[in-house]
Structure formats: structure tokens, C-alpha cells
Amino acid sequence: MKQWDVLTVGETMVVFIPEQKQLLRYVDRFKKGIAGAESNVAIGVSKLGHTSCWISKLGCDELGEYVLREIRGEGVYVSEVIRDENASTGLMIKQFSEANETSVFYYRRNSAASTLNKDNISEEMIQNSKIIHITGVTSALSGSCAEMNLTLAKKAKKNGVLVSFDPNIRLRLWSKNEAAETLRPLLDMCDIVEIGLDEAKVLLDTDNINEVVRILREKKIHKIAVKRGSKGAIVADESSMYEIPPYSVKVIDNIGAGDAFAAGFLCGILEERDLFTCGKMGAMMGAQAVGTLGDIEGLPDRKRLELLLNGNKENYR
């Protein structure tokens with residue numbers, strides 16, 4: 001019996017979210033939250049009634065205490081998180097324009113999570129999971145983090161555990177060439193991929209949807225989601241391909257949509273739902289995530305997601 005439906009590993013930062021839409025130099029009111037691609041997915045999975053585990057390193061500081069408390073409070077297992085006395089918890093600050101465009105400023109260099117390495121996750125934890133979800137953000141943090149992600153994928157494959165991968169390429173962290181060189185070997189070991197067209201251009205040298213699906217199928221990837229932002233998504237498996245239309249929602253904060261999509265998509269796969277429904281679950285989770293300030297605050301629970309999927313308009317924002 002597997003203990004975890006989804007296991008994730010990666011950095012979560014404290015994020016300060018301005019309550020005013022203007023340059024940070026003029027902002028004097030902030031909301032505090034957490035932000036991290038992998039923990040966002042773990043929280044989304046937990047909200048939909050599945051078990052999830054998040055592993056990382058945090059500083060022995062008040063920000064680390066806050067991150068741990070918040071993620072634990074969302075029902076995610078965090079007992080494998082390591083506390084580091086010699087490094088700090090990462091920090092992120094958002095900035096909003098009047099047009100609801102979001103900018104992100106990182107203060108994460110030499111953070112505790114950047115020292116994660118392949119020895120921090122036991123093979124037993126991998127064996128006790130149904131899906132390992134990894135992202136390119138973690139690989140970008142340091143050489144040891146990149147090696148850890150690659151080792152995680154290899155051990156998962158060896159133990160018959162599904163590997164889910166979101167490239168999540170952040171060019172503030174590294175160049176396109178660095179990302180391609182590091183992430184292509186990961187892509188070759190995946191069972192499930194959630195990818196944007198800009199990321200496909202970097203890793204596959206094409207942003208043509210049909211070509212992207214063809215190449216990923218040739219890599220023996222069983223479940224594919226090509227995220228297209230406001231245009232919805234394309235989902236595919238070995239023999240089928242469907243277009244998932246976007247859900248209409250007022251965008252407040254567009255950070256975190258891809259992680260929310262991954263959470264919904266993975267839960268659909270865990271529940272052995274048909275491919276189209278898996279895509280709808282991902283798209284709805286993504287739409288709800290961007291309707292609220294913060295990465296996770298808008299994520300629906302199982303009851304609300306089912307109401308939304310069934311067309312209960314009163315529950316839309």
C-alpha cells in the first residue's frame with residue numbers, strides 16, 4: 001500500500017504580496033504568503049482529497065517556521081523537511097501593475113533549499129509514493145539540486161513509480177541553453193509531462209502543438225498536458241488528443257496557474273478518470289488559482305471543484 005499519492009521535492013519561499021498596484025517603492029501594505037512550485041502542487045493535491053508529501057530544506061528562522069506551519073496546515077506531510085542552521089529560508093516579493101501584470105523579485109541565492117542534494121530523499125520515500133512530481137525550478141537552484149532531481153527520476157523509474165515533470169523554466173534563474181542541457185535528460189525519464197509552449201521551444205526546439213505531442217509520444221510519455229494560458233490546454237496520451245477550453249475568470253494574480261493545473265491533472269490520473277476530464281480538472285484548478293492574490297489561496301477543495309466542473313456558475317468568482 002503506497003503511503004503517498006504524490007511526493008514533491010523543492011523550494012518554498014515566503015512571499016510578500018503588495019495590496020497596491022504600483023511600483024514596490026511606493027507600496028506600504030503587504031500580505032504574507034508562501035510560494036513554491038512543488039508545495040503548490042502538494043497543497044492542490046491535498047485539497048482534492050489525496051495524500052501528498054513535500055520535502056525541502058528551510059532555514060532555522062521565523063520564515064522557515066511560517067512556511068512549515070502553512071504547508072502542514074494544508075494537510076501536506078512535512079516531517080521529512082530538513083532545517084538548516086547555516087542558511088536562510090528564501091524570500092520572494094511580487095509587484096502588480098494597473099493592468100494586473102505580475103513581476104517577481106527573488107531573494108533566494110544560497111538559500112537553505114539550494115543545498116538540497118541526492119542524499120536528502122530516501123529510496124523508501126520514493127517507493128512509498130504513487131507519483132513523484134518534480135520541476136525545473138529546483139534543478140535551476142544549484143548543481144546539487146539538479147543532480148537530486150535526476151536521481152529522483154532514476155530511482156522512481158527503478159521502483160515503478162510514475163514520474164511527473166513540469167519544466168517550469170524561469171529565465172531569471174538560468175539561461176535557455178543551461179535549462180535545455182539540464183532538463184532534457186529529465187524529460188526522457190518522465191511518464192507525465194505538463195509543459196508550456198515556450199518551454200517546449202527550449203527543450204524540443206518547436207512550439208508547434210502537433211510536433212510537441214508527437215515528440216513527447218516518441219519519448220514514451222503516457223500523459224501529456226500542453227498548457228496554453230488563456231487559450232486553455234491540449235492533453236494527449238498514446239492514442240488520443242483533446243483541446244481543453246479555458247475557463248472564464250477575472251485574473252487577479254497569474255502566478256501559480258501551472259502548478260494548480262498540474263495538481264488537478266495528476267488527481268484525475270490518480271482517480272483513473274478519462275483524459276478529457278483530467279484536462280478539465282487541471283484547467284479549472286488553474287483558473288481558480290489566478291482569481292485570488294497568492295499561489296494557493298484560490299485553490300478549490302473537492303466539493304467546490306466538482307460543483308465548478310458540473311457548471312454551477314454561482315460558485316465562480
Side chains of residues 67-80: which donor-acceptor partners sit under 3.5 Å, not counting sequence neighbours?
| from | atom 1 | to | atom 2 | distance (Å) |
| --- | --- | --- | --- | --- |
| Glu74 | OE1 | Lys47 | NZ | 3.4 |

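- Closest approach of Ser164 and Leu266 over heavy atoms only: OG-CD2, 3.6 Å.
- In terms of heavy atoms, Val235 sits closest to Gly279 at CG1-CA, 3.8 Å.
- For the atom pair Leu63 CG and Ser111 OG, the distance stands at 12.0 Å (nearest 0.5 Å).
- Between Pro18 and Val27, the closest heavy-atom pair is CB-CG1, 3.7 Å.
- Judged by distance alone, with hydrogens and angles left aside, the side-chain atoms of Thr51 form a donor-acceptor pair with the main-chain N or O of Gln3 at under 3.5 Å.
- At a cut-off of 3.5 Å, with distance as the only test, no side-chain donor of Ser114 or Glu11 sits close to an acceptor on the other residue.
- Panel note: side chain Trp54, backbone Asn40; no donor-acceptor pair is recorded below 3.5 Å.
- Once rounded to the nearest 0.5 Å, the distance linking CG of Leu116 with OG of Ser142 reads 7.5 Å.
- Between the side chain of Asp207 and the backbone N or O of Ala200 there is no donor-acceptor pair closer than 3.5 Å.
- Two residues are said to be in side-chain contact when any heavy atoms from C-beta on lie closer than 4.5 Å; Val137 and Leu173 meet this criterion.
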Go through the steps to decide whether Thr182 and Trp174 satisfy the test side-chain contact (heavy atoms from CB on, under 4.5 Å), and finish with yes or no. CA-CA 11 Å; Thr182 303; Trp174 55 0; 3.7 Å; yes

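- Rounded to the nearest 0.5 angstrom, Ile17 CD1 and Thr102 OG1 are separated by 10.0 Å.
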Phe261 vs Asp166, side-chain contact (heavy atoms from CB on, under 4.5 Å): CA-CA, chis, key distance, verdict: CA-CA 10 Å; Phe261 183 101; Asp166 181 348; over 6 Å; no

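- The shortest side-chain heavy-atom distance between Glu238 and Arg217 does not fall under the 4.5 Å cut-off.
- Checked by atom type, the side-chain pair Asn149/Ser139 shows a donor-acceptor distance below 3.5 Å.
- In terms of modelled atom types and a separation under 3.5 Å, the side chain of Glu199 and the main chain of Asn168 share a donor-acceptor contact.
- A heavy-atom distance below 4.5 Å is found between the side chains of Leu203 and Ile169.
- The side-chain heavy atoms of Ser52 and Asp5, taken from C-beta on, include no pair separated by under 4.5 Å.
- When all heavy atoms of Leu204 and Leu187 are compared, the closest pair comes out as CD2-CD2, 3.6 Å.
- Counting non-hydrogen atoms of neighbouring residues, nucleotides and ligands closer than 6.0 angstrom, the NZ atom of Lys303 reaches no more than 12 such neighbours.
- Counting non-hydrogen atoms of neighbouring residues, nucleotides and ligands closer than 6.0 angstrom, the CZ atom of Arg109 reaches no more than 12 such neighbours.
- A distance-only check finds a donor-acceptor pair linking the side chain of Arg228 to the backbone of Lys231 [under 3.5 Å].
- Remark: Gln20 CD is packed, more than 12 non-hydrogen atoms of other residues, nucleotides or ligands lying under 6.0 Å away.
- What you find for Val163 and Ile134 is that their closest heavy atoms are CG1-CD1, 4.3 Å.
- Remark: Lys223 fails to qualify as a cation-pi partner of Phe265 under the 6.0 Å distance and 45° angle criteria applied to the six-membered ring.
- Using a distance-only test at 3.5 Å, with no hydrogens or angles considered, no donor-acceptor pair links the side chain of Ser56 to the main chain of Val81.
- The pair Lys157-Asp188 fails the salt-bridge criterion, with no side-chain N (NZ, NE, NH1 or NH2) lying under 4.0 Å from an Asp/Glu carboxylate O.
- Under the 4.5 Å side-chain criterion, counting only non-hydrogen atoms from C-beta, Met13 is not in contact with Leu91.
- The main-chain N or O of Lys32 is found under 3.5 Å from a side-chain atom of Tyr66 such that the two form a donor-acceptor pair.
- Rounded to the nearest 0.5 angstrom, Arg273 CZ and Lys280 NZ are separated by 9.5 Å.
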Run Glu38 and Val9 through side-chain contact (heavy atoms from CB on, under 4.5 Å) and show every step you take. CA-CA 6 Å; Glu38 295 84 5; Val9 183; 5.8 Å; no

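- Between the Ser144 side chain and the Asn117 main chain, no donor and acceptor come within less than 3.5 Å of each other.
- A 4.5 Å side-chain heavy-atom check between Lys31 and Lys94 finds every atom pair outside the cut-off.
- Linking ILVMFWY side-chain heavy atoms closer than 4.5 Å, directly or via other members, places Leu197 and Val202 in a single hydrophobic cluster.
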I would like to know whether Val6 and Leu270 meet side-chain contact (heavy atoms from CB on, under 4.5 Å); could you show each step before the answer? CA-CA 9 Å; Val6 176; Leu270 286 164; 4.0 Å; yes

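- At least one donor-acceptor pair under 3.5 Å links the side chain of Gln95 to the backbone N or O of Leu24.
- We find that Arg83 and Glu65 are joined by a salt bridge, their nearest charged nitrogen and carboxylate oxygen being less than 4.0 Å apart.
- Shortest non-hydrogen contact noted between Gly291 and Val249 is CA-CG2, 4.3 Å.
- No continuous path of ILVMFWY side-chain contacts below 4.5 Å connects Ile244 to Ile224, so the two sit in separate hydrophobic clusters.
- Within the 4.5 Å cutoff, the side chain of Trp4 has heavy atoms near those of the Met125 side chain.
- Residues Met148 and Val161 are members of one and the same hydrophobic cluster, defined by side-chain heavy-atom contacts under 4.5 angstrom among Ile, Leu, Val, Met, Phe, Trp and Tyr.
- By the 4.5 Å heavy-atom criterion applied to side chains, Glu194 and Lys227 are counted as neighbours.
- Grouping the Ile, Leu, Val, Met, Phe, Trp and Tyr side chains by contacts below 4.5 angstrom, directly or via other members, places Ile269 apart from Met281.
- No single ILVMFWY cluster, assembled from side-chain heavy atoms under 4.5 Å apart, contains both Leu275 and Leu305.
- Not one N or O on the side chain of Asn159 forms a donor-acceptor pair closer than 3.5 Å with the backbone of Glu123.
- Within a 6.0 Å radius of CD in Glu218, other residues, nucleotides and ligands contribute more than 12 heavy atoms.
- Counting non-hydrogen atoms of other residues, nucleotides and ligands closer than 6.0 Å to NZ of Lys2 gives a total above 12.
- A salt bridge does not link Glu272 with Lys130: none of the charged nitrogens is closer than 4.0 Å to a carboxylate oxygen.
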